[in-house]
Amino acid sequence: MTSPVKTPQDFLAGTAPGTRVVVRYRIEGGLTDALGDVVSVTGGECTVRTRRTDVVIPLALVVAAKEVPPAPPRRGARSPV
């Protein structure tokens, strides 16, 4: 017997804060992604901390979500030749 498929909203609701995720959601004119760490998930929205800012995403607009591996380490500054 196969297990029921989780919706993206169910996945996010069960995701612990600090988990790195990518969330695809609807915006006016199309779709966009938020890549970062889950800060919180409430009944109607989730907050993802991206490199630039915290993004608050209404769960009703989420079309896909999944856990992703940790970010690779950032490269150091280039030294002059």
Side-chain angles (χ1 to χ4, degrees):
M1 176 172 257
T2 61
S3 61
V5 175
K6 281 188 174 183
T7 66
Q9 292 80 3
D10 290 339
F11 164 75
L12 289 169
T15 301
T19 304
R20 186 169 161 84
V21 296
V22 61
V23 180
R24 177 161 290 174
Y25 60 101
R26 296 182 200 290
I27 58 170
E28 187 174 325
L31 300 169
T32 192
D33 297 328
L35 172 64
D37 299 322
V38 173
V39 175
S40 66
V41 181
T42 64
E45 61 190 25
C46 70
T47 303
V48 176
R49 179 160 293 145
T50 68
R51 258 191 209 169
R52 295 182 182 198
T53 189
D54 286 359
V55 179
V56 179
I57 305 165
L59 291 177
L61 300 180
V62 174
V63 296
K66 68 178 183 177
E67 186 172 352
V68 295
R74 296 188 92 173
R75 291 192 217 180
R78 291 185 182 187
S79 57
V81 176

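Quick caveat, the model's predicted, so the values are computed rather than measured. No hydrogens, no waters, no symmetry mates; every other heavy atom, side chains included, goes into these values.
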Contact summary for C46 and L12, nearest pair of heavy atoms: SG-CD1, 4.0 Å
Summary of salt bridge (Lys or Arg N to Asp or Glu O under 4.0 Å) pairs that have at least one residue in residues 30-47, sequence neighbours excluded: R24-D33
Rounded distance [0.5 Å steps], CG in D10 versus CG in L59: 10.0 Å
Side chain to side chain donor-acceptor pair (under 3.5 Å) against T50, all qualifying residues, sequence neighbours excluded: none
Cluster check V21, I27: I/L/V/M/F/W/Y, side chain < 4.5 angstrom: yes
Mind listing the side-chain donor-acceptor pairs of residues 61-77 below 3.5 Å, one per line with the distance, residues two or more places apart or on another chain?
none

Side chains of I57 and V48 in contact at under 4.5 Å (non-hydrogen atoms): yes
Test log, rule side-chain contact (heavy atoms from CB on, under 4.5 Å), inputs L31 and Y25: CA-CA 6 Å; L31 300 169; Y25 60 101; over 6 Å; no
More than 12 heavy atoms from other groups under 6.0 Å of CZ on R49: no
